[in-house]
Amino acid sequence: MQRVDLQNFTREELEAFVRSLGERSFRGRQIMRWIYQQGVEDFEEMTDIGKAFRRRLKEVAHISSLNPLAIETSPDGTSKFLFPLGDGNSVESVLIPHEGRLTLCISTQVGCRMGCRFCLTGLQGFARNLTAGEIVNQILAVRKATGSKRITNVVLMGMGEPLDNYEQVVKAIRVMEDEFGLGLSGRRITLSTVGLLPELERIFSEGIRFRLAISLNAADQGTRSRLMPISRRYPLEELLELCRRLPLPPRERITFEYVLIAGVNDSVKDAERLSRVLKGIRCKVNLIPYNEVPELPFRRPDPERVLAFQRVLLEAGYTVPLRESRGQEISAACGQLRGKVLKRRGSPQGTPPSAHPSGPG
Ligand code: SAH
Ligand code: SF4
């Protein structure tokens, strides 16, 4: 019989699981605390659980974990972790220290199906969804690797489209927020999506909390659907219409992410249009100058152009943080570290790394 991974369970599911083994519900909460708060990976260490039940657990269940294959740290303190998944696939997470906070950017899929033209992850295609355990384990593994430092914020902004892996992502957020799990406040969890409309609407009925970021990247349907094929299925106008009626918590705003690409979406006209179409939506606009990748023809605009774009929005009264590019030195945009390591090892996407890693170069 295959042993179940306890990290794929929410608290309710774990309680039901221990009951199915003849134990009382609180055992499930005890186990959760061991896993998420103590970082225990072995049932033997769960000292407040009887020997017999520990033995039984070992027969039917296991606790999964991730271990980084590579960690790259850039001079600005950003670290990128590459995690092998055991089936030949791998995912990455990025740890970003800033202003007393420690934000971890995690992945939700191996690759991505959305195929955004400017994105390396999109270019590499899709291998599979991550399980809830694999999503949460990125946080546990980075916490272990960084020792005593506390991860204060989590952003679902690494590889993959979170709403395209709906069930597992919702489960993972439940575990992150659970007081017996990671105990993170929903205000410190940000989910970034291209805007899959049915899932976007549905996730607001799950009773979980998170901050919503939407990758907009264009202010008109033509440009957006050229950059992001998903916009053909879910047009910009419908996306913005849904944004107007999402039941956001009081005082909460949607963050629209806008990657600025030279000559594509970075003109003053684009900025003016953006300012117009966002009118009436409680939001801020996060400007991200494009991170160039050798595989793709897109270029980052000159700083003056970025500032001119920002100025239009500021003058219209928007909050417009300009995201400085962190970790550029190490391979900043999503998918790049993984691409690099795989290349180094001479192995294509989705197949196991070569048996003869040749080292750097
Ligand atoms: N799939 C989700 C979350 C992961 S992508 C989404 O698209 O929202 C996270 C962000 O990285 C997106 O806003 C995307 O537009 C941005 N991004 C992708 N490639 C980039 C690049 N080369 N330079 C700058 N930002 C990029
Ligand atoms: Fe996928 Fe996001 Fe990249 Fe688009 S930008 S391909 S949705 S990871």
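Start at 1 and go down the list; that is how both ligands and their atoms are numbered.
- Taking a cutoff of 4.0 Å between a charged side-chain nitrogen and a carboxylate oxygen, Lys80 and Glu92 qualify as a salt bridge.
- Thr193 places none of its side-chain heavy atoms less than 4.5 Å from the side chain of Glu199.
- Not one N, O or S atom of Cys112 sits under 2.8 Å from atom 3 (Fe) of ligand 2.
- For the pair Ile135/Val175, no side-chain contact is recorded, criterion being any heavy-atom separation below 4.5 Å from C-beta on.
- Gln109 is listed as a side-chain neighbour of Asn129, based on a closest heavy-atom distance under 4.5 Å.
- Taking CG of Leu274 as the reference point, atom OH of Tyr318 lies at 7.0 Å (rounded to 0.5 Å).
- Set against the non-hydrogen atoms of Thr193, the atoms of ligand 1 under 4.0 Å away are 8 (O).
- With a heavy-atom cut-off of 4.0 Å, Val259 touches ligand 1 through its side chain alone.
- The residues Arg113 and Glu161 are annotated as not salt-bridged, no charged nitrogen and carboxylate oxygen being separated by less than 4.0 angstrom.
- Under 4.0 Å from ligand 1, heavy atoms of Phe118 appear from its side chain as well as its backbone.
- A heavy-atom separation below 4.0 Å is not found between Ala213 and ligand 1.
- Every atom of ligand 2 with a heavy atom of Gly122 under 4.0 Å away is listed here by number and element: 6 (S).
- Within the 4.0 Å heavy-atom criterion, the part of Glu257 lying near ligand 1 is the side chain and not the backbone.
- Close contacts between ligand 1 and Gly158 involve ligand atoms 4 (C) [criterion: under 4.0 Å to a heavy atom].
- Between atom 22 (N) of ligand 1 and the options Asn291, Ile214, Leu216, Ile230, the minimum heavy-atom separation is to Asn291.
- A pairwise comparison of heavy atoms in Ser225 and Arg232 identifies O-NH2, 3.1 Å as the closest pair.
- Contact analysis leaves Val293 out of contact with ligand 1, as no non-hydrogen atom separation drops below 4.0 angstrom.
- Ligand 2 places these atoms under 4.0 Å from at least one heavy atom of Val194: 7 (S).
- Taking the charged nitrogens against the carboxylate oxygens, Arg202 and Glu167 do have a contact shorter than 4.0 Å, which makes a salt bridge.
- Within the 4.5 Å cutoff, the side chain of Ile139 has no heavy atoms near those of the Tyr36 side chain.
- Annotation for ligand 1: atoms under 4.0 Å from non-hydrogen atoms of Gly160 are 1 (N), 2 (C), 3 (C), 4 (C).
- Taking backbone and side chain together, Cys116 holds an N, O or S atom under 2.8 Å from atom 4 (Fe) of ligand 2.
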